[in-house]
2 protein chains.
Amino acid sequence: MTDPATLRETVRDTVRDTVRGAGRSSGRGAETRERILDAALESFGTIGYDGTSLDDLASGLGIRKQTILYHYVSKRGLLGAVVDRCAADLNTALLEVLEGEATDWERVEALVRSVFRVALEQPLLMGLLREVSRPGSPAAPRLKGAMGPLMERAQAWMEREMDAGRMRRTDAQLVLISAYSTVVGLATEVEVLRAAGLEPTMRTVATRRRELLRFLRASLDPQR
Amino acid sequence: MTDPATLRETVRDTVRDTVRGAGRSSGRGAETRERILDAALESFGTIGYDGTSLDDLASGLGIRKQTILYHYVSKRGLLGAVVDRCAADLNTALLEVLEGEATDWERVEALVRSVFRVALEQPLLMGLLREVSRPGSPAAPRLKGAMGPLMERAQAWMEREMDAGRMRRTDAQLVLISAYSTVVGLATEVEVLRAAGLEPTMRTVATRRRELLRFLRASLDPQR
DNA sequence: GCCTCTTTCTACCAGATGGTCAGGGGACTT
DNA sequence: AAGTCCCCTGACCATCTGGTAGAAAGAGGC
């Protein structure tokens, strides 16, 4: 867990930034960087971080492993970059709602719909979340760092709503985590369905969403 | 995915049985076998199959890797044995209820409580399920084989109930899979809670269970 | 004492993995 | 034409991986 090699690697990855030459993002290599990121997301999200080899990743892209290591300093650096981009995607989707004009319960509903939309459009992203939100995952702290501020913001908003009496008083963090794990669980569910030979339909997803909303309403609605 | 090496390994593991000398279970090595199984469950369920090295596993037990390979023919054989034991645990817990005297809705409730009890007593088991129920996992077919009969039995029972009008007519398999993924998702949730610095309490689990029961009632209750 | 079976160990191996180092080539500047 | 910067690669390496071969040690039957 904390053998010297891992520790050293962690320190290095933290000191230098993940991406070589962060700051400039244009240039010929930008496209390569994106392609690597896409492939890495797919691989990490399905066969997992440990199951992904840089050689396979590279040969799938028609490049050499060293090219990956050139753009992203190390394998963990690559994972970090993937997590960062996914967190950014989720952040923009959620911020769009948080800065929209919906209020009260409508806002909650909009948030849930927004997350489910992302989950449907980018199922790989959910797979990555599932992979990363595992104890001892190398990227768990990074995910926390990338999503934490938004979570805190959502929590603060909920607590303001509670203070104003527009939401029932409960543990905001607990509700958020429940909602989060429901969405990630949805990804698992879809995979199990596929393994059982059933192609998941819109109906299963809609049912899940309805259930989550019902749960949230039961937890948050002041009348009840 | 189906490279020759993997294929060969799969065939061998399937032909010989997983455990060397299955049939006799007594002897001096029985205790060692159990200890290996315990440690393997813990490791597979937390850091995952790929993340587990036989050397680490062995040194954690104060034995040599070759001892593990003596008792369980290969790493995949070990995974298979772990999955089998967990499936057996779940099976006995569920069979106890299925052969009990509870009927109708009470039986559904008893099943859910039974599964949650197992999940609480052996959280590692849920971690393993989560690890294994991933597309492309080497043990996915084995889990299916070990749990499949019970699932089919549950499904058949539900369909009989539907025919008799004691349950609302829906897709039994879909309901079962939803319930399954909720329980496995619970494991994720507990881990995320821990990562967020909150020790999961009985309350969070109870809430989840109540939610699942509500979902099942909504899906199955004939009045509504 | 001898034989057999079980269990565990030491020694070793081929392959894969993440990572380093030095260099080549293109584009753009001066 | 020379220098410089960015992008990419071939050759190489230390380490770790799951797995094999063979022997030592003990227990028990004859």
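A note on names: the letters A, B, ... follow the listed sequences, proteins ahead of strands, and every chain is numbered from 1. Worth saying up front: this structure is predicted, and the values here are computed from it rather than measured.
- Remark: P of C:dG15 and CG of A:Asp55 are 15 Å apart, rounded to the nearest angstrom.
- With rounding to the nearest 0.5 Å, the separation of CD in B:Glu211 from CG in A:Leu212 is 9.0 Å.
- Atom CG of A:Leu57 and atom P of C:dT17 are 11 Å apart (whole Å).
- Checked for salt-bridge contact, A:Arg33 and A:Asp38 miss the test: no charged N lies under 4.0 Å from a carboxylate O.
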Using atom names, set out every protein N or O paired with an N or O of nucleotides 9-12 of chain D below 3.5 Å, distance rounded to 0.1 Å.
from, atom 1, to, atom 2, distance (Å)
D:dT9, OP2, A:Arg64, N, 3.3
D:dT9, OP2, A:Thr67, OG1, 2.4
D:dA11, N6, A:Gln66, NE2, 2.6

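- Here the P atom of nucleotide D:dT15 and the CG atom of A:Leu54 are 19 Å apart, to the nearest Å.
- As a whole-Å value, the separation of B:Arg76 CZ from D:dG19 C1' is 14 Å.
- A donor-acceptor contact closer than 3.5 angstrom is absent between the side chains of B:Ser59 and B:Arg64.
- A:Ser133 meets the side chain to side chain contact (heavy atoms under 4.5 Å, CB included) test with A:Tyr180, B:Arg130, B:Thr188, B:Val192; sequence neighbours excluded.
- As a whole-Å value, the separation of A:Leu61 CG from D:dC8 P is 11 Å.
- Of the charged side-chain nitrogens involved, at least one lies within less than 4.0 Å of a carboxylate oxygen, so that B:Arg85 and B:Glu34 count as a salt-bridged pair.
- The phosphate of D:dC6 has neither OP1 nor OP2 within less than 4.0 Å of any side-chain N or O from A:His71.
- Distances shorter than 4.0 Å separate none of the side-chain N or O atoms of A:Thr32 from OP1 or OP2 on D:dC7.
- Between the CD1 atom of B:Ile47 and the C1' atom of D:dT17 there is a distance of 14 Å, rounded to whole Å.
- One finds no side-chain N or O of B:Ser53 lying less than 4.0 angstrom from the OP1 or OP2 phosphate oxygen of D:dC16.
- Around CD of A:Glu159, the count of heavy atoms belonging to other residues, nucleotides or ligands within 6.0 Å exceeds 12.
- To the nearest angstrom, P of C:dT7 lies 11 Å from OH of B:Tyr72.
- Between the P atom of C:dT7 and the CZ atom of B:Arg35 lies a distance of 15 Å, rounded to the nearest Å.
- Distance from the side chain of B:Lys75 is smallest for D:dG19 among the nucleotides C:dG19, D:dG19, C:dT8.
- Under the salt bridge (charged side-chain N to carboxylate O under 4.0 Å, His left out) criterion, the residue pairs touching residues 47-62 of chain B are B:Asp55-B:Lys65, with sequence neighbours excluded.
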